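Shown next, in structure tokens, is the structure this report addresses.
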Amino acid sequence: MPELPEVEVLRRSLEPRLSGRRIERVAIHVRALRAPLARRPLGALAGRRFLHLDRRGKYLLAALEGERTLVVHLGMSGRLTLVPAALPREPHEHLALFLDGGERLRLRDPRRFGLAFVRPTAGVLAAPPLAHLGIEPLGGAFSGDDLARAARGRRCPVKSLLLDAGVVAGIGNIYACEALFRAGLRPDRPVDRISRPRWRRLGETVIAVLEEAIAAGGTTIQDYTDGAGREGLFRVALAVYGRDGEPCPRCGRAIRRVVLAGRGTWYCPGCQR
DNA sequence: CGGTGGACCTGCTGGC
DNA sequence: TGCCAGCAGGTCCACC
């Protein structure tokens, strides 16, 4: 569900409400998400205060006192919200951190593709599964040149390159489709048939679409909300994603849906070559 | 080695 | 109305 913009909006919404707060109790209600929920390390978070929230790709990193970091990945359907502690537990609420001040941070995830685990703060970025992540597209260091470099020796469709977290971290299906539309590139164009200027343009559209989505509060299709339960508004700005049969906002031709590498893929056959 | 397809889960929607 | 197929924002792993 959530891609980089949604995780970043979540981070911004939770950071001021979490930092300095103390975890009083940890409740675990399910054995495993995508990986088992380790009871002991999660339970050992009790008594610690939140220091700050960071993000790496689609991972949310909550640094706590005592050199512990809680890492959360929302998978497809995960939702992390801060609610009153007395609010009844909802279905699929798998993990809850009860905080001082009478609130709880809860993780709901119907499909259980998410992750939640604890690591020593010092090594969290260097250890799996974060270690292999590629460049941060919004860090200021990213450009289309990074994509061109990663494409060397490969022949996969350009959309697969954008979705490869080892190349760029945080782009998912929605923003891959939207960036390719804005760059005028067909999703199935092989990466060995893209010119340097085209790569640069794609790099720029990736940054622009991610930044605009963050400014709009992310994209809500079904599940996504920020930490306060607010939905994202970027859905109305989507040009192609989920719009098969609708007219292209630029040329009016019907948006087409195909399946590429197992994922639904939307593009305009007129504008994207 | 790179690339694809299936597996992992639940829930919603649309067609019959 | 009810049922079932298909599809969903992600990632990993087996296989060619």
Side-chain angles (χ1 to χ4, degrees), chain A residues 1-11 29-37 55-60 71-80 90-94 107-117 128-134 137 149-180 187-193 206 209-210 213-214 216-226 231-245 257-266:
Chain A
M1 133 216 192
E3 307 181 29
L4 184 154
E6 289 73 38
V7 179
E8 178 60 21
V9 170
L10 177 65
R11 189 195 70 74
H29 301 290
V30 73
R31 207 167 348 109
L33 302 179
R34 185 148 56 83
L37 285 179
R55 179 191 55 75
R56 175 79 172 101
K58 300 171 187 167
Y59 290 87
L60 194 67
V71 182
V72 175
H73 190 292
L74 297 175
M76 289 280 254
S77 59
R79 211 160 154 169
L80 196 62
E90 293 203 358
H92 308 294
E93 180 175 329
H94 305 309
L107 176 61
R108 297 176 58 201
D109 184 3
R111 296 180 68 181
R112 305 207 306 275
F113 287 169
L115 293 171
F117 56 89
L130 281 78
H132 78 281
L133 290 176
R149 199 172 313 120
R152 269 184 225 142
R154 300 181 61 169
R155 315 173 132 226
C156 63
V158 59
K159 187 188 178 211
S160 300
L161 198 80
L162 291 181
L163 290 177
D164 185 340
V167 174
V168 205
I171 303 173
N173 207 24
I174 294 178
Y175 300 110
C177 290
E178 294 298 311
L180 289 168
D188 61 353
R189 168 90 72 103
V191 293
D192 60 349
R193 298 199 43 251
V206 164
V209 77
L210 294 176
I214 290 170
T219 301
T220 298
I221 305 289
Q222 277 202 354
D223 304 297
Y224 173 76
T225 67
D226 73 7
E231 298 192 345
L233 304 177
F234 196 67
R235 188 180 186 179
V236 299
L238 299 178
V240 290
Y241 181 87
R243 297 197 184 277
D244 44 320
R257 178 189 184 274
V258 295
V259 174
L260 194 58
R263 313 290 304 274
T265 300
W266 291 265

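Chain A is the first sequence line, chain B the second, and so forth, proteins listed ahead of strands; every chain is numbered from 1. Since the model is a prediction, treat every value here as computed from it, not as a measurement.
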Mind listing the N/O atom pairs, protein and nucleotides 11-16 of chain B, below 3.5 Å?
residue : atom : partner : partner atom : Å
B:dG11  : OP1  : A:His92 : NE2          : 2.5

| message | Does A:Gly114 reach a base, just sugar-phosphate, or nothing at all? Heavy atoms under 4.0 Å. | response | nothing
| said: Under the rule for salt bridge (Lys or Arg N to Asp or Glu O under 4.0 Å), what residues qualify as partners of A:Arg34, not counting sequence neighbours? | reply: none
| How is the base pairing of DNA chain B summarised as a dot-bracket string, given the Watson-Crick and G-U wobble criteria with both distances under 3.5 Å, [ ] for crossing and | for another strand? | .|||||||.|||||||
| Which listed nucleotide (C:dA8, C:dG10, B:dT4) is nearest to the side chain of A:Ala261? | B:dT4
| For A:Phe234, what residues pass the ring pair (Phe, Tyr, Trp, His ring centres under 6.0 Å) criterion, not counting sequence neighbours? | none
| said: What contact category does A:Arg263 fall into here, base, sugar-phosphate, or nothing, at under 4.0 angstrom with non-hydrogen atoms? | reply: base
| said: What contact category does A:Arg257 fall into here, base, sugar-phosphate, or nothing, at under 4.0 angstrom with non-hydrogen atoms? | reply: sugar-phosphate
| said: Applying side-chain hydrogen bond (donor to acceptor under 3.5 Å, both in side chains), can you list everything that pairs with A:Arg108, at least two apart in sequence or on another chain? | reply: A:Glu90
| remark: Regarding the side chain of A:Trp266, the nearest nucleotide among C:dG9, C:dC12, B:dC9 is C:dG9
Considering only distance and modelled atom types, tabulate donor-acceptor pairs under 3.5 Å from the side chains of residues 168-176 of chain A, sequence neighbours left out.
residue  : atom : partner  : partner atom : Å
A:Asn173 : OD1  : A:Lys159 : NZ           : 2.6
A:Asn173 : ND2  : A:Gly264 : O            : 2.9
A:Tyr175 : OH   : A:Glu6   : OE2          : 2.5
A:Tyr175 : OH   : A:Thr219 : OG1          : 2.7

| task | Check every atom of C:dG9, B:dT4, B:dG3 against the side chain of A:Arg154 and return the nucleotide holding the closest atom. | result | B:dG3
| Quick one: side chain to side chain contact (heavy atoms under 4.5 Å, CB included) partners of A:Arg189, sequence neighbours excluded? | A:Val158, A:Leu185, A:Arg193, A:Ile194, A:Arg198, A:Arg273
| C:dG10 phosphate, OP1 or OP2, under 4.0 Å from A:Arg34 side-chain N/O | no
| field | For A:Asp109, salt bridge (Lys or Arg N to Asp or Glu O under 4.0 Å) partners two or more places apart | value | none
| field | Summary of salt bridge (charged side-chain N to carboxylate O under 4.0 Å, His left out) pairs that have at least one residue in residues 233-242 of chain A, sequence neighbours excluded | value | none
